[in-house]
A.B. asks: 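First, the structure itself, so that you have it in front of you.
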Amino acid sequence: MENAEIQRIRNIGIVAHIDAGKTTTSERILFFTGLTHKLGEVHDGQAVMDFMQQEQERGITITSAAITTQWKNHQINLIDTPGHIDFTLEVERSLRVLDGIVMVFCAVGGVEPQSETVWHQADRYKVPRIAFVNKMDRQGADLFHTVEQMNEMLGANAVMFQIPIGKEAEFEGVIDIVTMKSIIYQDLDMIVSDIPQEFQAQAAKFREIMIEKLADFDEPLMEKYLAEEEITVADIKEAARHAVLSLCVTPVFCGTAFKNKGVRLLLDAVVDYLPSPIDRGIITGHDINNPEIVLSRKPSYKRPFSALAFKITNDAYVGQQTFVRVYSGELDSGVAVLNSSKRKKERVGRILRIHADSRQEVNQLRAGDIGALIGMKLTTTGDTLCDEQDPILLESINYPDTVLDMKVEPETKKDRDKLGLALNKIALEDPSFKVRYDDQTEETVISGMGELHLEVIVDRLKTEHKLVVNVGKPAVAFRETITRKVESNYRYKKQTGGKGQFAHIVFRLEPNDNGGLEFVNLVKGGNIPREYIPSIEKSFRNRAAKGLYAEYPMVNVRFVLIDGSYHPVDSSEMAFSICTSQALREIIHKAGPQLLEPMMKIEVNTPDEYMGDIIGDINRRRGKIENMRRHRKGSQKLTGTVPLMEMFGYASGLRTLSSGRAAFSMEFLKYAPLPKAIEDEIIAEIRSKKAGK
């Protein structure tokens, strides 16, 4: 009974490149599952899933919306995710908790840059997927070319489960090559019939291709195929489900969500081919006291409770909502649970199932469910909640690096505290957004994933928090690192008449190939008492976060504490903290400090005649084109890398170069060393500003 219930749950996401039609597809799913009775449209700001004011004004998805609905006796927990690269964390944290995804592709645009990004994110989390090629009624729509691109660019092993009837504006419906039936759409009606004579040969050909590909991954189907026995619809569905769950094939469906064509068959495919929590199986985590010990949780109501918090939002009516995916056990409202990430207890207030911006209160969430908790005070994105008697620590969520900084200040000084509270609240919701206060310049600096990301944050300050703010120009978020290994033997001693301050540390600062900041304690024999070690580590991390060379956060640095000494009376946590800070400031210039700049992966789609000018322009911007690929007849897709600092105003420049016919997209790739001449200019500018203060 329990297994049957969990088997009927589908936790799915709708993901794609911007403007491929994700939200429209989601809206049609809500309509056809009976959750809404009016078709919400993105272009008129009436989409249920895009409930933020900023989403409705821009016609794009900014935050992932979660909703629970039903289809053919199955519970579908649906998350509609953003397509713009500035909001890639929303996709990342959604993929972390989903069991399957529907990848939406535009039949005209094919595989676009964010499609590739999302595909590789799904690969990292090993999420099974099916594909929906949307906008089949548009001029230039080409299902077959899109499938070719999926195989060539994504390695998707895409298999067509449907072929179109009619092309572009004449698109009428599809031929389902699993059931070998024709489906014609008339308004909201689906007319199912035998395949028309003129499509029978094409349908038979693609059915043969589908069975051959599925047979490669299913022995019973292979045996039937080789023995030339009759292959039933049930045989195909069973083999396809097995192949999808094993990440071996990607079934492809097609339609036009805006015209209500193909969405109900897509829902059938979600039920038939995407996994339930049971199919996804056991989830593993670690013992909270020993990371070497691997623990597991089976998707069962009877197992100890475990869940992952994957999103925080603030609602004007109910306050902070903590979205969780329950992996095992049961969670009742009003009970206390352990936040194993922070090692503190939390009491769950109310439990809600969310319908985008409306909500339904429930008493319990069970294994496989997604819902929102009210009343959580300590839990943040990526935290594990679990049974206090049987703790586990689940894998957290990766946060991308910020690439742009912007200075903000309130219009009036009395709003300074209000601004700080508002920014901290937004940062809690969005871990890809960072806030820091520069003590020297007395300026608040916000950091994000791109210009649109920061623009939306500033807009939210005005609309949600009723703050008028002045903003500076977006600036590149550089990073600092070191290139040499250096050692320091530093003694801090201060006598002020009464009790003095004393601390002595011997440490090594070195490049860290593992990335990030790392602290290693090698002190033996109590030369530095254990209670002082955390203050040394904290001081190192605080100083590195503020920057030691040019006041940009440091990355790829390892601090190795080797030895030291203390005074039984004059030593304290504060003394060792000050000692560490001063030692780092003294040693940094011997460590070969270096500035790093964000490098972007760029993709430009351009007609052939503008290709030379566009490549030349990217080269002038210190960029490098690494690959050229035929996109469509008469056009090329150029991919390469380019420094972000050279790309301000590129959109208008590209428009001028191509008479408005080329398009581009960028995403963060990595941090790379700045050319020495440019680094010297930036350092000189920073020193000049300091001197002028």
Side-chain angles (χ1 to χ4, degrees), residues 86 400-409 432-451 453-454 470-484 486 509 511-512 515-517 541-557 581 584-602 617-624 640-650 653 666-693:
D86 283 13
D401 287 312
T402 56
V403 295
L404 274 189
D405 289 345
M406 183 188 280
K407 291 172 183 173
V408 296
E409 60 178 23
S432 67
F433 168 68
K434 302 281 188 289
V435 186
R436 72 176 189 275
Y437 184 74
D438 190 319
D439 294 317
Q440 292 190 327
T441 62
E442 296 185 343
E443 292 172 323
T444 300
V445 181
I446 60 174
S447 305
M449 300 300 298
E451 289 182 81
H453 189 195
L454 294 180
N470 300 318
V471 300
K473 287 184 178 177
V476 173
F478 296 108
R479 293 290 184 268
E480 301 176 12
T481 193
I482 58 172
T483 57
R484 291 194 292 270
V486 288
L509 211 59
N512 178 18
L517 300 174
R541 292 189 181 278
N542 286 344
R543 286 298 306 156
K546 290 177 181 175
L548 288 160
Y549 175 45
E551 296 178 1
Y552 291 106
M554 299 195 80
V555 293
N556 308 340
V557 177
S581 180
L584 285 167
R585 228 174 13 239
E586 182 186 82
I587 200 177
I588 188 63
H589 292 287
K590 299 174 187 174
Q594 184 179 59
L595 279 186
L596 305 176
E597 64 175 333
M599 297 295 291
M600 311 300 283
K601 176 186 173 186
I602 187 170
D617 183 58
I618 286 174
N619 288 340
R620 280 191 293 276
R621 294 172 185 269
R622 297 194 287 121
K624 182 180 177 184
T641 57
V642 65
L644 177 62
M645 71 180 295
E646 306 290 347
M647 295 304 285
F648 291 105
Y650 183 66
M666 290 191 307
E667 65 177 286
F668 173 70
L669 181 66
K670 62 180 180 181
Y671 274 96
L674 260 174
K676 190 72 175 72
I678 297 174
E679 180 179 320
D680 289 344
E681 283 179 25
I682 291 168
I683 296 295
E685 189 179 334
I686 290 168
R687 286 176 181 159
S688 169
K689 279 184 182 175
K690 279 186 179 177
K693 285 287 176 188

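Starting from 1, each residue takes its place in the sequence as its number. Just so it is clear, the structure is predicted and the values come from calculations on it, not from any experiment.
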A.B. asks: Which heavy-atom pair separates Val471 from Met406 by the least distance, and what is that distance?
C.D. replies: CB-SD, 3.8 Å

A.B. asks: From Ile682 CD1 over to Phe478 CZ, what is the distance, rounded to the nearest 0.5 angstrom?
C.D. replies: 3.5 Å

A.B. asks: Could you work out, with side-chain contact (heavy atoms from CB on, under 4.5 Å) as the rule, every residue matching Pro598, not counting sequence neighbours?
C.D. replies: Val403, Val476, Leu644, Phe668, Tyr671

A.B. asks: List in chain and number order the residues that pass side chain to side chain donor-acceptor pair (under 3.5 Å) with Glu679, two or more places apart in sequence or in another chain; answer none if no residue qualifies.
C.D. replies: Tyr549

A.B. asks: List in chain and number order the residues that pass side-chain contact (heavy atoms from CB on, under 4.5 Å) with Leu669, two or more places apart in sequence or in another chain; answer none if no residue qualifies.
C.D. replies: Lys601, Thr641

A.B. asks: Could you list the residues that satisfy side chain to side chain donor-acceptor pair (under 3.5 Å) with Asp680, not counting sequence neighbours?
C.D. replies: Lys676

A.B. asks: The criterion is salt bridge (charged side-chain N to carboxylate O under 4.0 Å, His left out); which residues satisfy it with Arg622, sequence neighbours excluded?
C.D. replies: Glu597, Glu646

A.B. asks: Just jot down the side-chain contact (heavy atoms from CB on, under 4.5 Å) partners of Asn512, sequence neighbours excluded, or say none.
C.D. replies: Asn514, Glu518, Arg558

A.B. asks: Please list, chain by chain and in numerical order, all residues satisfying side-chain contact (heavy atoms from CB on, under 4.5 Å) with Ala550, sequence neighbours excluded.
C.D. replies: Glu480, Tyr552, Leu595, Ile683, Ile686

A.B. asks: Identify, with sequence neighbours excluded, every residue that meets side chain to side chain donor-acceptor pair (under 3.5 Å) alongside Lys473.
C.D. replies: none

A.B. asks: Quick one: pull up CD1 in Ile446 and NZ in Lys407 and give me the separation to the nearest 0.5 Å.
C.D. replies: 12.5 Å

A.B. asks: Using the test salt bridge (charged side-chain N to carboxylate O under 4.0 Å, His left out), find all partners of Arg621 that sit at least two apart in sequence or belong to another chain.
C.D. replies: Asp617

A.B. asks: To the nearest 0.5 Å, what is the distance between CD on Gln594 and CE on Met554?
C.D. replies: 10.5 Å

A.B. asks: Quick one: are Met647 and Met600 in side-chain contact, heavy atoms under 4.5 Å?
C.D. replies: no

A.B. asks: Closest approach of Ala544 and Leu517, non-hydrogen atoms and distance?
C.D. replies: CB-CD1, 3.7 Å

A.B. asks: Would you give the length of the straight line joining atom CD of Glu551 to atom NZ of Lys546, rounded to the nearest 0.5 angstrom?
C.D. replies: 10.0 Å

A.B. asks: Keeping Ser447 on the side-chain end and Asp405 on the backbone end, is there a donor-acceptor pair under 3.5 Å?
C.D. replies: no

A.B. asks: For the CD1 atom of Ile618 and the CD1 atom of Ile602, what is their distance to the nearest 0.5 Å?
C.D. replies: 4.5 Å

A.B. asks: What residues, two or more places apart in sequence or in another chain, satisfy side chain to side chain donor-acceptor pair (under 3.5 Å) together with Asn556?
C.D. replies: none

A.B. asks: Which residue pairs satisfy the salt bridge (Lys or Arg N to Asp or Glu O under 4.0 Å) criterion with at least one member in residues 587-596, sequence neighbours excluded?
C.D. replies: none

